[in-house]
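For reference, the structure is listed below as structure tokens.
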Protein chains: 2
Amino acid sequence: MIKLRDLEYLTAIDQHKHFGKAAQACFVSQPTLSGQLMKLEQQLGLQLVERHRRNVMLTPAGEQLVKEARKVLQAAGEFESCAKALLDPFAGDLHLGLIPTLAPYLLPHIMADLNTTLPNINFFLHENQTKVLLQQLDEGKLDVLILPYLAEMEKFESYQLFDEPLMLATPKNHPLATKKSLSLADLHGEKILTLADGHCLKDQAMGYCFAAGAKEDNSFQATSLETLRHMVASGMGITLLPALAAQGNLASDTLHYGKFQAPVPIRGISLVIRPNYSRMQCVRAIVASVRKSLSDIID
Amino acid sequence: MIKLRDLEYLTAIDQHKHFGKAAQACFVSQPTLSGQLMKLEQQLGLQLVERHRRNVMLTPAGEQLVKEARKVLQAAGEFESCAKALLDPFAGDLHLGLIPTLAPYLLPHIMADLNTTLPNINFFLHENQTKVLLQQLDEGKLDVLILPYLAEMEKFESYQLFDEPLMLATPKNHPLATKKSLSLADLHGEKILTLADGHCLKDQAMGYCFAAGAKEDNSFQATSLETLRHMVASGMGITLLPALAAQGNLASDTLHYGKFQAPVPIRGISLVIRPNYSRMQCVRAIVASVRKSLSDIID
DNA sequence: TTAATTGATAGGCTCTAACTATGATTAAGT
DNA sequence: ACTTAATCATAGTTAGAGCCTATCAATTAA
């Protein structure tokens with residue numbers, strides 16, 4: 001196969017029309033360049049330079065091939081400069097996956113800091129259910145997930161970001177809305193509105209509820225937290241809402257968010273990546289940034 | 001420096017997403033490809049592939065560099081195919097230099113054959129005086145000259161093509177026009193019309209004339225053989241004309257071309273190239289073709 | 001638990017690109 | 001004409017790179 005070095009020798013000869021100077025420009029000895037060029041000619045089966053004592057001159061074939069050689073070398077140069085540009089670990093595109101019960105409520109709190117600490121990263125945001133996200137992460141379509149950690153993610157690498165408490169969302173006039181000290185046990189016998197199957201929040205919330213002796217209200221399954229919130233506000237039932245989803249809406253006229261006493265139901269939000277993911281420095285920066293952003297919000 | 005082989009390994013990994021298969025496609029062992037790729041990553045200072053047991057996957061940097069690598073490899077491929085196309089020694093452009101006193105009279109006799117025997121050669125014809133032609137040949141602007149051989153061309157390589165007799169051009173009514181047996185000695189005392197300085201024909205012709213005791217007519221210096229011919233036809237004098245220039249005009253009403261007895265004045269037309277000129281096969285074909293074309297014309 | 005797959009590692013071989021030293025040929029200067 | 005300088009080719013040597021086989025380690029599938 002052709003070697004890039006040989007092409008450099010050829011173009012150097014074209015530039016200097018002199019073996020010694022061309023060799024010097026390539027930082028090799030004259031015999032080296034001479035020999036390699038001869039070998040190249042032999043390999044191609046055609047003469048590239050006419051050798052005279054006074055004068056070195058390219059053959060027509062040589063002239064033409066020098067042009068081709070320059071193109072090759074230019075492409076190689078672009079490859080290298082491209083690699084150099086990629087060397088900055090804090091630059092480039094990054095595809096971030098989040099679940100629907102987290103994205104709209106978390107992102108406003110973290111994106112500003114992320115864009116400040118990683119100004120050269122272009123974040124692409126993907127909202128999907130856990131199962132889909134894990135699949136896409138595995139396929140490489142996504143780089144980083146932020147979602148509640150589950151046991152099934154053990155094959156990936158994960159970083160705990162923060163614990164998000166679950167709060168009790170009730171209509172304002174609901175008996176539990178006025179209770180001073182709220183605990184999970186108070187849910188005993190209640191019917192809980194839930195999200196549609198597939199949302200991990202449903203499984204987690206219902207896990208707590210079942211343990212407390214509450215039951216799922218099967219008459220509805222909301223497809224989003226906003227729907228769920230409006231159902232609660234309409235007096236159709238109660239539900240557990242993640243704290244971040246509740247936060248901005250505490251001042252609602254019709255809704256009440258109740259904070260549980262210990263043991264507080266939580267979901268542990270983690271950042272998940274593939275093991276051996278190449279941009280660990282970037283990941284560490286994201287983890288630090290998100291933790292810092294959240295430390296001000298979650299008490 | 002980047003090596004093309006490494007780029008092939010990289011693109012192979014991208015294609016197959018599998019070290020073993022990629023190695024097979026590159027006709028190397030798996031450890032070889034593995035090692036070279038690692039070396040490439042080390043060299044660039046960035047990770048190109050994520051290695052998993054089940055799955056090999058390119059990093060974003062890898063994806064981007066694969067694109068660059070493909071460009072480089074494509075350019076290299078073009079270089080090689082270009083070289084292959086140039087391999088035919090009987091193809092390409094060829095710049096042929098001739099002197100003005102030869103070109104218009106010789107070319108019609110030789111170009112047809114040349115184009116037949118070397119159909120893939122594009123002949124570019126350059127008409128200039130000897131000194132200029134030699135300079136351009138030396139500079140590589142011309143590939144081949146066809147002109148009268150002179151001693152100053154000994155530093156070049158030359159092939160004798162044919163001897164062109166010089167004929168005596170006189171008006172029809174000139175005393176020498178009717179002489180049965182014409183020899184150089186008959187020029188004694190004549191005044192000879194000549195071409196302008198710089199035309200080698202002038203020097204050669206006048207060489208013969210001086211030796212015979214003739215003199216140059218300094219009142220005119222023609223810039224072309226056609227002018228010279230018309231001057232003779234107008235009765236302004238006599239001159240020596242190369243046989244090829246005379247040939248097509250024997251039937252002129254006003255001109256007479258006299259053939260000399262031995263020793264016939266001649267100019268020896270040679271093909272001249274740079275020593276070490278790269279396309280010797282082509283040159284040999286040209287020499288053979290021209291000799292064959294001329295053998296029918298010069299007796 | 002066993003067998004198969006897959007990528008990394010270790011050790012050794014070979015080829016080659018590089019060097020230095022020298023030769024051959026030509027151009028230029030004395 | 002002889003000498004010197006310039007220039008490219010040749011010879012012989014060395015260091016390193018690329019490749020191979022054999023093997024290991026980790027995972028998956030049966």
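Just so you know, these numbers use all the heavy atoms, side chains as well, and skip hydrogens, waters and symmetry mates. Below, read A as the first sequence line, B as the second, and so on, with proteins coming before strands; counting in each chain starts at 1. Quantities reported herein were computed from a predicted structural model and do not represent experimental measurements.
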Please give, in whole Å, the distance from C:dA17 C1' to B:M1 CE? 12 Å
Under 4.0 angstrom between B:R5 side-chain N/O and D:dG18 OP1 or OP2: no
Atom pair distance, as rounded to whole Å: CG in B:L7 and P in D:dG18: 12 Å
List in numerical order all residues of residues 27-39 of chain B for which some heavy atom is under 4.0 Å away from an atom belonging to DNA chain D. B:F27, B:V28, B:S29, B:P31, B:T32, B:Q36, B:K39
Distance, rounded to the nearest Å, where A:I13 contributes CD1 and D:dT7 contributes C1': 11 Å
Round to a whole Å and report the spacing from CD of A:Q42 to P of D:dT10. 11 Å
A:D6 CG - C:dA18 C1' separation (whole Å): 13 Å
D:dT7 C1' sits how many Å from A:Q24 CD, rounded? 14 Å
Check the phosphate of D:dC8 against A:H18, side-chain N and O only, distance under 4.0 Å to OP1 or OP2. Yes or no? yes
Examine the side chains of A:R279 and B:T59 and answer whether a donor and an acceptor come within less than 3.5 Å of each other. no
Figure out the CZ/P separation between B:F156 and C:dT26, and round it to whole Å. 14 Å
For a 4.5 angstrom cut-off between non-hydrogen side-chain atoms, does A:I286 reach A:L271? yes
Output yes when a side-chain donor or acceptor of B:H16 lies under 3.5 Å from a complementary backbone atom of B:A12, and no otherwise. yes
Are OP1 or OP2 of D:dT7 and a side-chain N or O of A:R51 less than 4.0 angstrom apart? no
Could you check whether A:R274 pairs with A:E157 (Lys NZ or Arg NE/NH1/NH2 to Asp/Glu carboxylate O, under 4.0 Å)? no
In this structure, how many angstroms lie between the P atom of C:dT26 and the CZ atom of A:F19, rounded? 16 Å
Determine the interplanar angle of the A:H126 and A:H95 rings, folded into 0 to 90°, and report it as parallel if under 30°, tilted if 30 to 60°, perpendicular if over 60°. tilted
Evaluate whether atom NZ of A:K17 has more than 12 neighbouring non-hydrogen atoms of other residues, nucleotides or ligands under 6.0 angstrom away. yes
With distance as the sole criterion, is a donor-acceptor pair present between the side chains of B:E139 and B:Q135 under 3.5 Å? yes
